[in-house]
Amino acid sequence: MTSDLDGIVADITAAMREAEERGTVASYIPELAKVDPSQFGIAIATADGRIFTGGDADAGFSIQSISKVFALTLALGKVGDQLWDRVGREPSGNAFNSIVQLEQEHGIPRNPFINAGAIVVADVNLGGHQPRVAIGEMLRFVRYLAGDDGIAINEAVAASETATGFRNMALANYMRAFDNVRHPADLVLGTYFHQCAIEMSCQQLALAGRYLMLDGRHPGGGRVVSPRRARRINALMLTCGHYDASGDFAFRVGIPGKSGVGGGILAIVPGRASIAVWSPGLNASGNSQLGTLALEELARRTGWSVFSPPPEGD
């Protein structure tokens, strides 16, 4: 099927360019509200080393919650399965920034991809250091995965999130009351806001996700995570990667994916492809309107849903 990916990507890009309903950009982070909603990009990095791009695939955007995939990978490398004593692995069924379940469940977030869970992961990655150390480690890790030292943090976005992130401050302080955030909340949030403000293009993001496509291996050699851990991260992306719309995304697309309110989605087809799509307009669940439609069409055209039978000869 990769033989026709150029045509499929071109068709999807053309259709998304013409789409009338493009969603609404995230306005609660002032810097994100400034982004032009007419943009759409797609990049597919395949297991055989090729990359297919369309639209605004080289335009940088704030990856926001997609960074939680990379942060989770780092945290599991530091503390292993002990992380699951502090963070659950179940879909939340609530909005990504909800505080409701934390009181009922004694400060243990449902999963590492909602904001509360990602804040606990940031607390683990802080590891007793100043935020600049943890932020630097995250940035080096993402650059290593993508093979691109040009990836950087958008400081204006980080400052914008810090100035307006009152709900995240509440989440961090509430979990600290349960001793599930161990460092001062402002230090943890400094780490969290800066990881969310990493700026990448679709092409860079697709390249960074390749280790999850390759059973934990870096395409340049060496191992990022074990095969078992790669499979488990993909499983969490499928069940929890789109917040309270994760079930609908699995139903419609059937590919492990993690969205961000910057309009990006990283999707992984194990053994086949690492895919990044971006369009800044969001649907009612806070996921990219056109990005979701593009991945649904891509899964239909390629048969890449993890629920599809493998092609003959595989």
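Using a 4.5 Å heavy-atom threshold, the side chains of Arg229 and Arg232 count as separate. Side-chain contact between Thr53 and Cys202: absent, with no pair of heavy atoms (C-beta onward) separated by less than 4.5 Å. Two residues are said to be in side-chain contact when any heavy atoms from C-beta on lie closer than 4.5 Å; Arg50 and Leu5 fail this criterion. Side-chain contact between Phe52 and Ile8 is absent, with no heavy-atom pair separated by less than 4.5 Å. The shortest distance between side-chain heavy atoms of Leu293 and Glu297 does not fall below 4.5 Å. Residues Pro131 and His194 are not in side-chain contact: their nearest non-hydrogen atoms beyond the backbone lie 4.5 Å or more apart. At a threshold of 4.5 Å between non-hydrogen side-chain atoms, the residues Asn111 and Arg89 do not count as touching. Between Val25 and Leu32 the shortest side-chain heavy-atom distance does not fall below 4.5 Å.
Atom CG of Leu74 and atom CZ of Phe141 lie 4.5 Å apart (nearest 0.5 Å). The CE atom of Met16 lies 9.5 Å from the CD atom of Gln289; values are rounded to the nearest 0.5 Å. Between the CD1 atom in Ile119 and the NZ atom in Lys68 there is a gap of 8.0 Å [rounded to 0.5 Å]. Once rounded to the nearest 0.5 Å, the distance linking CZ of Arg17 with OG of Ser38 reads 7.0 Å. For the atom pair CZ of Phe61 and CG of Asn154, the computed distance is 12.5 Å after rounding to the nearest 0.5 Å. In this structure, Thr73 OG1 and Leu212 CG are separated by 6.0 Å, a value rounded to the nearest 0.5 Å.
At distances below 3.5 Å, at least one donor-acceptor pair connects side-chain atoms of Ser62 with backbone N or O atoms of Cys196. Looking at Thr191, its side chain never comes within 3.5 Å of a backbone N or O of Leu126 through a donor-acceptor pair. Although no hydrogens or angles enter the test, the distance criterion places no donor-acceptor pair under 3.5 Å between the side chain of Asp179 and the main chain of Arg182. A donor-acceptor pair under 3.5 Å links the side-chain atoms of Arg176 to the main chain of His183, judged by distance alone. A donor-acceptor pair is defined here as one N or O able to donate and one able to accept, closer than 3.5 Å; such a pair exists between the side chain of Lys258 and the backbone of Gly241.
The only option from Thr239, Val121, Leu72 that meets the side-chain contact (heavy atoms from CB on, under 4.5 Å) definition with Phe113 turns out to be Leu72. For the side-chain hydrogen bond (donor to acceptor under 3.5 Å, both in side chains) with Glu137, the qualifying choice from Arg132, Lys78, Gln195, His129 is Lys78, the only one to do so.
Surrounding CD of Glu105 are more than 12 heavy atoms belonging to other residues, nucleotides or ligands, all under 6.0 Å away. Surrounding CZ of Phe178 are more than 12 heavy atoms belonging to other residues, nucleotides or ligands, all under 6.0 Å away.
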Residues Trp84, Leu76; criterion side chain to side chain contact (heavy atoms under 4.5 Å, CB included); working and verdict | CA-CA 9 Å; Trp84 307 124; Leu76 288 170; 3.8 Å; yes
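Contact record, Gln64 with Ser67: O-OG, 2.7 Å, taken as the closest heavy-atom pair. Closest non-hydrogen pair, Asn180 versus Arg86, comes out as O-NH2, 2.7 Å. The shortest non-hydrogen separation linking Ile255 to Ala299 is CD1-CB, 4.0 Å. Counting all heavy atoms, side chain and backbone alike, Trp278 lies closest to Gly262 at NE1-O, 3.0 Å. Contact record, Met237 with Pro256: CB-CB, 4.0 Å, taken as the closest heavy-atom pair. Scanning both residues, Ala206 and Ala45, for their nearest heavy atoms gives O-CB, 4.0 Å.
In this model, a donor atom of one side chain and an acceptor atom of the other lie less than 3.5 Å apart for Thr46 and Asp48. Side chains of Asp148 and Gln204: a donor on one and an acceptor on the other come within 3.5 Å. For the residue pair Ser201 / Gln203, no side-chain donor-acceptor distance below 3.5 Å is found, with atom types taken as modelled.
A single hydrophobic cluster is seen to contain both Ile265 and Val9, as judged by linkage of ILVMFWY side chains at heavy-atom distances under 4.5 Å, directly or through other members. Linking ILVMFWY residues whenever their side-chain heavy atoms come closer than 4.5 Å, directly or via other members, leaves Phe70 and Leu207 in distinct clusters. Residues Val306 and Ile44 are members of separate hydrophobic clusters, defined by side-chain heavy-atom contacts under 4.5 angstrom among Ile, Leu, Val, Met, Phe, Trp and Tyr. Tracing side-chain contacts under 4.5 Å through hydrophobic residues (I, L, V, M, F, W, Y), one never reaches Leu266 starting from Ile51; they form parts of separate clusters. Transitive grouping of hydrophobic side chains (ILVMFWY, heavy atoms separated by less than 4.5 Å) keeps Val87 and Leu238 in distinct clusters.
Take Arg210 and apply the salt bridge (Lys or Arg N to Asp or Glu O under 4.0 Å) test, not counting sequence neighbours, and it matches no residue.
Below 30°, between 30° and 60°, or above 60°: for His242 and Phe249 the angle between ring planes is below 30°, a parallel geometry.
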